[in-house]
Amino acid sequence: MYKLIKYMAKDFVKRSENYSEWYNELVVRADLAEQSAVRGCMVIKPYGYAIWEKMQHQLDLMFKATGHQNAYFPLFIPKSFLSREAEHVEGFAKECAVVTHHRLMNDPNGGGVVVDPNAKLEEELIVRPTSETIIWSTYKNWIKSYRDLPILCNQWANVVRWEMRTRMFLRTAEFLWQEGHTAHATREEAEEETRRMLEVYAEFAEKYMAMPVLKGHKSPNERFAGALDTLCIEAMMQDGKALQAGTSHFLGQNFAKAFDVQFLNNQNTLEYVWATSWGVSTRLMGALIMTHSDDNGLVLPPHLAPIHVAIVPICKSDEQQRQLDEHIAPIVKALEAKGLTVKYDNRPEYKPGWKFNEYEFKGVPVRLAIGPRDLEQGTCEVCRRDTLEKANVSIEGIADHVAGLMEQIQANLYKKAADFRASMTRKVDTWDDFKTEIEKNGFLLCHWDGTAETEARIKEETKATIRCIPFDAEEEPGTCIYSGKPSSRRVVFARSY
RNA sequence: CGGGGUGUAGCGCAGUUGGCUAGCGCGCCACGUUCGGGACGUGGAGGCCGGAAGUUCGAGUCUUCUCACCCCGACCA
């Protein structure tokens, strides 16, 4: 029988006391990332990067399974490219890093190195905030005929958006992401692709991150700069705020026209190419952290945990240590045979209690403790991170038991998150209620008249935005929460990250 | 970029109206005792007090400037 353990992390702020401090401290103390010497940029530490690699690996498999190939395009984008698509440049111009020179020289006044004024670039280069422009300038050369289509490329890359206020993983000046860029012969095919990739993101979020997401359209206001339609997945964090976790854009022929990408169709007439782009970033790390973690530290779903099982031996002598090493080796093997990543931590310099806390804070899903008593009884102590329950379990069949626990934990985390989201989602029908309810955060399902003006007013007065217009929204006649004008379905309002 | 706050050992902090050799806790190193939920003892290492300029016999402390980070606003994935 699993029993709850009583324990509180030392010197760790609670979510209920200060949610953002809890988040910041968790990121650092769980060894995920730290502030770098560069403003707005973070160092992703090995443990944090290991989680990102697991995400990358799984997403990459899913991209390949849907027919995509990886490629790589330059970090630098000629300034003139960015201005080819009017909306696009407007969306990104305010947050671009610009390369103006290509050489340094010794300061004639002895102050170290300075920029060499003679090394000014003919055309300035933008550090990519996203790659549509460089990619479509390239696709122009790749596409002549309908036989060249579709092009289904993805790239794993870093991008830079010069942000005023940054938070680790959620918003940093430089971040890691993947960006898919596809080219199609028909509008329908491009729209299908946009939807297909959003479904991939949703599946990834729910199955691997154990994070329920809403799928829907962005309102025109929240659309990607240069897109005709932006689809998104939206998740709810434990403070009830929304987090956009992934987007997939139907770009229409905007970029094809801006970069003059045409193809001959099978009727021998020229047509502009249809485009999509889609991306998720290291922001998913922030989403993962804020979806599951608790006042005792990080909680990771088994599918993304770098370590599945930590094993802590308990002993009083070197002789006992040797016995335990011997006894535990086959257990490690058995667990690994189940595809689990195991960390056997027999470092003598740390005490068991210290190790328990260490692995708990880092979100390792299951911990085993094995000591002299267990040696006699053929048992071990099993503790699960999600519920903080422990039990004594027979060593015989322990690998199956732990493998089963992984499935349970994965499912339980999803269910907990889904239940929380359900409890924080409600329909609101009057403006007065809206103003009260939005203070409690969560998702508010409301009628909206569909105008940008109303959306802007609501944002101004309450800081809430339309997170998405859900795909599965039922047709339901009603009146706009703000203007009272007629509306045919509810949209999701929330305060967001 | 507006308002507020903080910079002193790796981390968290104290440091009085300017005054002697700048402290404390955690962590780190050595040895010993410990080991089933963050052990204890003894000894030790570790500082350009964010940076620059100024006032002063004397600056961690006062003045000016600057840089970085955190919180709250405006902009965004």
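Convention: sequence-line order gives letters A, B, ...; per-chain numbering from 1.
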> Does A:K45 pair with A:E34 as a salt bridge, N-O distance under 4.0 Å?
Replying inline: yes
> Between B:rC35, B:rG38, B:rC72, which nucleotide gets closest to the side-chain atoms of A:R29?
Replying inline: B:rG38
> Does any N or O donor sit under 3.5 Å from an N or O acceptor when you compare the side chain of A:K390 with the base of B:rG37?
Replying inline: yes
> Does one side chain, of A:E222 or A:H217, offer a donor that lies under 3.5 Å from an acceptor on the other?
Replying inline: no
>> Heavy atoms from C-beta onward define the side chain here; which of B:rC76, B:rA77, B:rC70 lies closest to that of A:K459?
In response: B:rC76
> With the threshold set at 4.0 Å, does a side-chain nitrogen-carboxylate oxygen contact exist between A:E234 and A:R467?
Replying inline: yes
Extract from the structure each pairing of a protein N or O with an N or O of nucleotides 39-47 of chain B at less than 3.5 Å, listing the distance.
{"residue": "B:rA39", "atom": "OP2", "partner": "A:K351", "partner atom": "NZ", "Å": "3.4"}
{"residue": "B:rA39", "atom": "O4'", "partner": "A:K351", "partner atom": "NZ", "Å": "3.3"}

> Does B:rG73 have OP1 or OP2 sitting under 4.0 Å from an N or O in the side chain of A:K463?
Replying inline: yes
> Does the side chain of A:T194 come under 3.5 Å of the side chain of A:R196 through a donor N or O and an acceptor N or O?
Replying inline: no
>> Applying a 4.0 Å non-hydrogen cut-off, can you work out what A:R161 is touching in the nucleic acid: base, sugar-phosphate, or nothing?
In response: base
> Counting heavy atoms not belonging to A:E460, are there more than 12 under 6.0 Å from its CD?
Replying inline: no
> A:L284 has an atom CG; how far is it from atom P of B:rA77, in whole Å?
Replying inline: 15 Å
> Does the pair A:W52 and A:H57 meet the rule for a ring pair (Phe, Tyr, Trp, His ring centres under 6.0 Å), with working shown?
Replying inline: CA-CA 8 Å; A:W52 174 241; A:H57 176 71; over 10 Å; no
Considering only nitrogen or oxygen atoms on both sides, find all protein atoms under 3.5 Å from nucleotides 7-13 of chain B and state each distance.
none

> With a non-hydrogen cut-off below 4.0 angstrom, is A:T172 in contact with a base, only sugar-phosphate, or nothing?
Replying inline: base
> For RNA chain B, what string of dots and brackets results from 5' to 3' when Watson-Crick and G-U pairs need both distances under 3.5 Å, crossing pairs get [ ], and pairs with another strand get |?
Replying inline: (((((((..((((.....[...)))).((((((.....)))))).....(((((..]....))))))))))))....
